[in-house]
Amino acid sequence: MFRDFLYSGLAAAGTAFLLHYAWEALHAPLYTNYGSLGGPLPLALYATLGDVFYTLFAVAVVALYRRDGGWIIRARGVDYAALALFGFCISVFVEYKALFLERWEYAPAMPLLFGIGLSPILQMAVLLPLSVFLARLLLRFFKK
């Protein structure tokens with residue numbers, strides 16, 4: 001089970017990294033006043049690593065729930081729907097927390113939903129299940 005989870009996790013993390021980095025880089029102009037997010041890593045990379053962490057967390061939660069470390073290769077529609085809902089919930093939590101702590105603000109171009117940015121909501125709700133779907137394709141390709 002652990003070996004299956006390791007392969008699944010690596011595939012999901014790799015695809016999540018590529019997708020989230022591209023999203024972060026393209027959507028960075030929708031944010032302003034990043035406050036305390038300075039440091040040695042570029043902002044898009046810093047944010048992407050957090051997104052990959054949330055992806056791995058979601059993959060682990062589903063693996064524990066299903067008691068199947070390689071569940072990604074057998075993922076069903078309900079799994080993708082659950083991941084989309086989980087991604088939505090994570091993004092709402094992260095955005096409200098960041099706004100409360102004044103870690104960033106939205107540029108005028110950012111569309112809002114319930115006072116938080118639509119871009120990060122869509123990002124996690126779409127890219128989390130998409131990362132798992134692409135990881136599934138990778139795992140199936142390399143299993144042959």
Joint hydrophobic cluster, [X] plus [Y], side-chain heavy atoms closer than 4.5 Å:
X	Y	answer
Tyr65	Val62	no
Leu26	Leu127	no
Tyr31	Leu112	yes
Tyr96	Phe86	yes

Separation between [atom1] of [X] and [atom2] of [Y], rounded to the nearest 0.5 Å:
X	Y	atom1	atom2	result
Asp51	Phe17	CG	CZ	10.5 Å
Leu113	Ser119	CG	OG	12.0 Å
Trp104	Glu95	CH2	CD	5.0 Å

Is there side-chain contact between [X] and [Y], with heavy atoms separated by less than 4.5 Å?
X	Y	value
Phe5	Asp68	no
Leu18	Thr15	no
Ser8	Leu139	yes
Met124	Val92	no

Apply the test side chain to side chain contact (heavy atoms under 4.5 Å, CB included) to residues Ile116 and Tyr106: give CA-CA distance (whole Å), side-chain angles for both, the deciding distance (0.1 Å), then the verdict. CA-CA 8 Å; Ile116 57 175; Tyr106 300 126; 3.8 Å; yes
Measure across [X] and [Y] and return the closest heavy-atom pair with its distance rounded to 0.1 Å.
X	Y	answer
Val52	Ala13	CG1-CB, 3.9 Å
Thr32	Ala107	CG2-N, 4.1 Å
Ser131	Ala16	OG-CA, 3.3 Å

With a 3.5 Å cut-off and no angle check, do the side chains of His20 and Thr48 form a donor-acceptor pair?
->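 No.
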| field | Crowding at OH, Tyr7 (>12 non-hydrogen neighbours, <6.0 Å) | value |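 Check fails, neighbour count at 12 or below.
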- [ ] Keeping the roles fixed (side chain from Arg103, backbone from Leu99), state whether a donor-acceptor pair exists under 3.5 Å.
- [x]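 No; zero donor-acceptor contacts below 3.5 Å.
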Looking only at atom types and distance, does a side-chain atom of Arg140 sit under 3.5 Å from a main-chain N or O of Ile73, one as donor and one as acceptor?
->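 Yes, the answer is positive, given that a donor and an acceptor are paired below the 3.5 Å cut-off.
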Exercise. Is there a side chain to side chain contact (heavy atoms under 4.5 Å, CB included) between Leu19 and Leu134 once you walk through the steps?
Worked result: CA-CA 10 Å; Leu19 292 172; Leu134 293 175; 3.9 Å; yes
Output a table of donor-acceptor pairs, distance under 3.5 Å, between side-chain atoms of residues 75-85 and any protein atom two or more places apart or on a different chain; print 'none' if there are none.
residue, atom, partner, partner atom, Å
Asp79, OD1, Arg66, NH1, 3.4
Asp79, OD2, Arg66, NH1, 2.7
Asp79, OD2, Arg76, N, 2.8

**Message:** Assess the residue pair Ile121 and Phe114 against the criterion (side chain to side chain contact (heavy atoms under 4.5 Å, CB included)); give the C-alpha distance rounded to whole Å, side-chain angles, the decisive distance to 0.1 Å, and a yes or no.
**Reply:** CA-CA 11 Å; Ile121 291 173; Phe114 305 118; 5.8 Å; no
* Asked: Partners of Glu24 by side-chain hydrogen bond (donor to acceptor under 3.5 Å, both in side chains), sequence neighbours excluded?
  ->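 Checked Glu24 against side-chain hydrogen bond (donor to acceptor under 3.5 Å, both in side chains); matches are Gln123.
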